[in-house]
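Encoded as structure tokens, the structure appears first; notes follow it.
Sequence lines set the chain letters: A, B, ... in the order given, protein chains first and strands last, and positions in each chain run from 1.
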2 protein chains.
Amino acid sequence: MNTLSYGLLSLLSHHSLSGYDLMLRIQPFWPAKHSQIYPLLAFMEKEEQVTFELIAQSDKPDKKVYSITDKGIDSLREWLSVPASDPVMRDELMLKAYCVSFVDPAISRKLFVSRLEHYQTKLQRYREKIRTVLSSEGLTESDTPGYRSPLFGAYILLNKALLTCRTNIEWCEWVLSVIPEAE
Amino acid sequence: MNTLSYGLLSLLSHHSLSGYDLMLRIQPFWPAKHSQIYPLLAFMEKEEQVTFELIAQSDKPDKKVYSITDKGIDSLREWLSVPASDPVMRDELMLKAYCVSFVDPAISRKLFVSRLEHYQTKLQRYREKIRTVLSSEGLTESDTPGYRSPLFGAYILLNKALLTCRTNIEWCEWVLSVIPEAE
DNA sequence: ACCTGCATGTAAAAGGTTACATGATTTA
DNA sequence: TAAATCATGTAACCTTTTACATGCAGGT
């Protein structure tokens, strides 16, 4: 049971999901490929942290829908009561930023322009997401789901994503303002 | 030559450094242990991206001080002209945040309080760092190093670190304000 | 016809962490 | 006296990515 497996339990604590859906949903918080998820789920099932039900589908391939067990909920509670380990961030742009002076400003600008676009696209997606999540429970954008609401976790995470995106956009724009257009 | 090796070249483009120093300096941007750095440096030396000089020390252990070669500078320029890959962030707290409703608010609060303290400590360190970096070239806090200044990279990175720290502090404080003190 | 999405899996390779190994000096 | 810092290295282990493998449905 590593961090990723607790992440899967965390997602399953709200809804039952297929391995494929789990893979898609965990991306923003803990990037992982299906090749990592599927064997982990098999292991977690053996450990009785999750169970699955085979769902036959006619239009799409059949799927295994996983649910958290009572034992899984216990694991989750225990995991929540120990402090979270430090975040790990690896960003190639930070390594490049340190030595941008070695190339022409036009080349440097491209790096930050494409990153800026990346964050602008993400911001759009998060904005839409927060609307759909809130409206799913009949809430508007000025409402805050209460602590015991099943939406609470998603809500605070989406707020974090929005704040982070905006900060990154701000930084990219500032960097572009201090790199000359040409020399 | 993977991303970490370019990161080492990036650091070496400014100063010659020992493996130990490289390990310490790359931490904020691309966490890596010495056990990963030393074999990589040996490989990079074989590839003629770097050279090293054995420096005997009396008070401390002897060290290998690495320098970037002309071939290394060429690699760096080429690497800078291709777009940076997407950043990868893995934060256990994000996984926990999604299911905090499963435990008592007091337990949840602890998670965010300790993370808040973590970022406050980091903010202090970055504030000191930016002062020492700027004053090393006789600049004050209102000055911005020019694009071709050897300080430019460090300066934009420290600004990013400050912005990110402040955003994270803001978010932790907000989360603590929406988690009840007790139920 | 070809690509994308849905859906599951395995195998090999690369990347990263922890542990083992050594040893002097300084600080608590 | 115990721990931390400086300094380098290897070996074992775990995590993550890439590639291999299959197959149907729907859109361009």
**Message:** Students should find this one: the first and last nucleotides of DNA chain D, 5' to 3', lying under 4.0 Å from a heavy atom of chain B. What are they?
**Reply:** dT5(D) to dT17(D)
**Prompt:** Given a cutoff of under 4.5 Å between side-chain heavy atoms of I, L, V, M, F, W and Y, with clusters grown through shared members, what are the other residues clustered with Met89(B)?
**Reply:** Met89(A)
**Asked** At under 4.0 Å, does any side-chain N or O of Trp30(B) touch on OP1 or OP2 of dG16(C)?
**Response** yes
**Fill in**
ring-ring contact (aromatic ring centres under 6.0 Å, His included) pairs touching residues 25-45 of chain B, sequence neighbours excluded, are His34(B)-Tyr38(B)
**Prompt:** Counting distance only, does the side-chain N/O of Gln49(A) pair as donor-acceptor with the main-chain N or O of Met44(A) below 3.5 Å?
**Reply:** no
Polar pairs (N or O, both sides) under 3.5 Å between protein and nucleotides 4-8 of chain C?
residue : atom : partner  : partner atom : Å
dC6(C)  : OP2  : Tyr20(A) : OH           : 3.1
dA7(C)  : OP1  : Gln57(A) : OE1          : 3.4
dA7(C)  : OP1  : Gln57(A) : NE2          : 2.8
dT8(C)  : OP1  : Lys64(A) : N            : 2.7
dT8(C)  : OP1  : Lys64(A) : O            : 3.4
dT8(C)  : OP2  : Tyr20(A) : N            : 2.8
dT8(C)  : OP2  : Tyr38(A) : OH           : 3.2
dT8(C)  : O4   : His34(A) : NE2          : 3.4

**Request:** Can you tell me the distance, in whole Å, between the CE atom of Met1(B) and the P atom of dA14(C)?
**Result:** 16 Å
**Message:** According to salt bridge (charged side-chain N to carboxylate O under 4.0 Å, His left out), who are the partners of Glu181(A), at least two apart in sequence or on a separate chain?
**Reply:** Arg109(A)
**Message:** Test question: given the 4.5 Å side-chain rule for I, L, V, M, F, W and Y, name all other residues clustered with Val88(A), or answer none.
**Reply:** none
Under 3.5 Å donor-acceptor pairs involving side-chain atoms of residues 4-14 of chain B, not counting sequence neighbours:
residue  : atom : partner   : partner atom : Å
Ser5(B)  : OG   : Asn2(B)   : N            : 2.9
Ser5(B)  : OG   : Asn2(B)   : O            : 2.6
Ser5(B)  : OG   : Asn2(B)   : OD1          : 3.2
Ser10(B) : OG   : Leu95(A)  : O            : 2.8
Ser13(B) : OG   : Ser10(B)  : O            : 2.5
His14(B) : NE2  : Tyr98(A)  : O            : 3.3
His14(B) : NE2  : Pro150(B) : O            : 3.2

**Asked** Under the 4.5 Å side-chain heavy-atom rule for ILVMFWY, direct or indirect, which residues accompany Ile55(B)?
**Response** Val65(B)
**Message:** Give me each pair satisfying ring-ring contact (aromatic ring centres under 6.0 Å, His included) with a member in residues 104-123 of chain A, each pair once, sequence neighbours excluded.
**Reply:** Phe112(A)-Trp171(A)
**Complete:** When the rotation axes relating C1' atoms of four end pairs to the next four are compared across the helix from dA1(C)-dT28(D) to dA28(C)-dT1(D), five pairs an end, they differ to 10° by 40°
**Item:** Non-neighbouring partners of Arg148(B) that pass salt bridge (charged side-chain N to carboxylate O under 4.0 Å, His left out), sequence neighbours left out
**Value:** Asp104(A), Glu183(A)
**Set of residues satisfying side chain to side chain contact (heavy atoms under 4.5 Å, CB included) with respect to Glu78(B), sequence neighbours excluded** = none
